[in-house]
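To keep things clear, I will list the structure first and then write my remarks on it.
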Amino acid sequence: MHPLLPGVVPAETGHEIAPPDSLAKSQGSVNAEQVSLYWQLGEYISRKIASAEWGDGVVEELAASLARRFPGLRGFTRPNLFRMRQFHEAYLANRKVSALLRQLPWTHHLIILGQAKPAAAREFYILAAIKERWSSRELERQIRSGAVLRDADAAKKVSPVLRQTHRGALDELKNAYNLEFLALPDGHSEADLHGALLRHLGRFLAELGRDFCFVGSERPVQVGNQDFTIDLLFFHRGLQCLVALELKTEKFKPADLGQLSFYVEALDRDVKKPHERPSIGVLLCATKDDEVAEYALARTTSPTLVAEYQTLLPPKELLRAKLHELYAELTSREPGRARASHLRRRS
């Protein structure tokens with residue numbers, strides 16, 4: 001019988017590895033206890049192998065021993081035990097992340113370990129999954145669509161006023177939004193895009209972020225004797241402000257900002273409540289030239305952002321190249337240590 005079994009305290013760790021029947025009844029507690037158990041097992045296996053006390057064959061022996069003692073217990077196969085070791089080694093040096101690991105189910109960790117690289121990307125997805133409460137399916141979708149790239153602060157084109165009035169806005173808004181779930185055809189119109197977003201409003205809200213609340217579609221505003229309509233209007237609970245979203249199915253043009261700024265001003269004067277913060281405008285367009293967007297936003301007096309929408313998941317080769325590019329940028333900023341400060345979300 002192998003010495004490391006549930007209910008036994010390894011001398012090196014000093015932590016009890018609880019038997020399965022001691023797990024709490026609630027799913028959240030079960031998930032937290034499971035992750036803690038796997039972390040402890042991974043730590044123990046990692047240390048034994050590193051000290052040359054164990055070889056790969058002993059891990060297989062441990063898996064077989066657990067299977068004999070607890071025939072109904074799943075998840076302790078040889079491959080899974082090595083995943084536990086990988087899990088521990090991946091986050092051992094990152095105190096910020098290791099303190100939060102219990103907040104995600106083991107399935108989420110397997111997805112992140114298997115599909116997200118480098119370490120900066122893994123940190124981003126852990127923090128984002130906790131904050132946005134992504135399901136495992138949504139987490140996989142976000143990784144496939146390159147959310148870590150779409151969320152990088154350096155890529156976001158926002159007005160200086162937005163940075164000043166809403167310092168937390170960069171954590172809540174993206175450079176691009178992936179709308180592949182709309183299944184839009186090539187050559188779609190703004191009406192097609194608008195209608196599809198309303199039909200898939202729940203999924204669109206998940207893509208926007210969990211603090212976005214839908215207020216209305218084609219929201220009317222009256223200025224003077226003229227009537228105008230805002231494509232989509234939301235309220236952001238965290239930023240405590242209205243968010244006007246204008247749709248453009250063509251490439252960004254500087255003139256588009258004038259219309260959006262007008263709507264933001266109308267909201268602030270006639271719709272915003274006294275306790276709310278200044279409204280934000282988001283221009284969602286098919287494509288944009290980053291330099292043109294930067295010039296156009298530089299002198300605007302409205303808190304606005306120009307973002308793209310994507311109707312297809314980007315190719316894996318492109319995502320891989322972009323991630324390497326981002327990682328190189330991070331390491332060049334701080335030699336010898338890859339940082340993810342501008343990718344981090346508040347938990």
*asked:* Is there a continuous path of hydrophobic side-chain contacts, each under 4.5 Å between heavy atoms, that joins Val148 to Ile112?
replied: yes

_Cluster check Ile143, Leu101: I/L/V/M/F/W/Y, side chain < 4.5 angstrom_ = yes

*asked:* Just to verify, what does Glu180 make a side chain to side chain donor-acceptor pair (under 3.5 Å) with, not counting sequence neighbours?
replied: Arg141

_Is there a path of hydrophobic side-chain contacts, each under 4.5 Å between heavy atoms of I/L/V/M/F/W/Y residues, joining Leu198 to Leu233?_
no

*Spell out, yes or no, whether Leu242 and Leu205 are grouped together once hydrophobic residues are joined by side-chain heavy atoms under 4.5 Å, including indirect joins.*
no

_Other residues, nucleotides and ligands only: do more than 12 of their heavy atoms fall within 6.0 Å of CD on Glu291?_
no

*Taking Ser145 for its side chain and Gln142 for its backbone only, find out whether a donor-acceptor pair lies under 3.5 Å.*
yes

_Flag side-chain contact, heavy atom, 4.5 Å: Phe235 against Asp211_ = no

_For a quick check under 3.5 Å, do Ser36 and Arg102 share a side-chain donor-acceptor pair by atom type?_
yes

*Do the side-chain N and O atoms of Gln226 and Gln222 include a donor-acceptor pair separated by under 3.5 angstrom?*
no

*Taking only Lys NZ, Arg NE, NH1 and NH2, and the carboxylate oxygens of Asp or Glu, determine whether Glu140 and Arg144 approach each other closer than 4.0 Å.*
no

_Polar contact flag, side-chain donor to acceptor under 3.5 angstrom, Thr249-His188_ = no

*Passing option when Asn175 is tested against Lys157, Lys156, Lys288 for side chain to side chain donor-acceptor pair (under 3.5 Å)*: Lys288

*Would you check if Lys272 and Glu276 make a side-chain contact, meaning some heavy-atom pair closer than 4.5 Å?*
yes

*Between Glu172 and Arg237, is there a side-chain N and carboxylate O pair less than 4.0 Å apart?*
no

*For His166 and Pro278, indicate whether the former's side chain and the latter's backbone hold a donor-acceptor pair under 3.5 Å.*
yes

*Taking a hydrophobic cluster as the set of Ile, Leu, Val, Met, Phe, Trp and Tyr residues connected by side-chain heavy atoms closer than 4.5 Å, whether directly or through intermediates, do Leu283 and Tyr309 fall within one such cluster?*
no

*What closest approach, in Å, do Leu260 and Ala244 show between heavy atoms, and which atom pair accounts for it?*
CD1-O, 4.1 Å

*Measure centre to centre between the rings of Phe262 and Phe228, then say whether the value is under 6.0 Å.*
yes

*asked:* Counting C-beta onward and ignoring hydrogens, is there a side-chain heavy-atom pair between Ser302 and Val161 closer than 4.5 Å?
replied: no

*For ring-ring contact (aromatic ring centres under 6.0 Å, His included), just list the numbers for Phe214 and Phe234, CA-CA rounded to whole Å, side-chain angles, deciding distance to a tenth of an Å, and then say yes or no.*
CA-CA 5 Å; Phe214 182 63; Phe234 298 88; 5.7 Å; yes

*With side chains defined as the heavy atoms from C-beta onward, is the minimum distance between Leu173 and Leu162 less than 4.5 Å?*
yes

*Is it true that atom OH of Tyr295 has more than 12 heavy atoms of other residues, nucleotides or ligands lying nearer than 6.0 Å?*
no

_Once ring-ring contact (aromatic ring centres under 6.0 Å, His included) is applied, what residue pairs with a partner in residues 97-119 remain, sequence neighbours excluded?_
Tyr38-Trp106, Phe87-Trp106, Phe87-His109

*Is a salt bridge present between Arg210 and Glu132, judged by a nitrogen-to-oxygen distance below 4.0 Å?*
no

*Using the test side chain to side chain donor-acceptor pair (under 3.5 Å), find all partners of Tyr125 that sit at least two apart in sequence or belong to another chain.*
none

_Quick test of your reading of the model: are Glu207 and Lys174 salt-bridged, counting only N-O distances below 4.0 Å?_
yes

*Is a side-chain donor or acceptor of Asp256 paired with a backbone partner of Lys253 at a separation under 3.5 angstrom?*
yes

*Can you tell me if Lys131 and Gln103 form a side-chain donor-acceptor pair at under 3.5 Å?*
no

_Closest non-hydrogen atom pair between Leu284 and Glu308, with its separation_ = CD1-O, 3.5 Å

*Please examine the side chains of Ser217 and Asp231, heavy atoms only from C-beta on, and report whether any two atoms are closer than 4.5 Å.*
no

_Positive for side-chain contact (heavy atoms from CB on, under 4.5 Å) with Leu184, one of Leu312, Leu197, Leu193_ = Leu193

*So, do Arg47 and Arg85 sit near enough that their side-chain heavy atoms are less than 4.5 Å apart?*
no

*Ser98 (side chain) donor-acceptor with Arg95 (main chain) under 3.5 angstrom*: yes

*May I ask you to test the Val306-Leu297 pair for a side-chain heavy-atom distance under 4.5 Å?*
yes

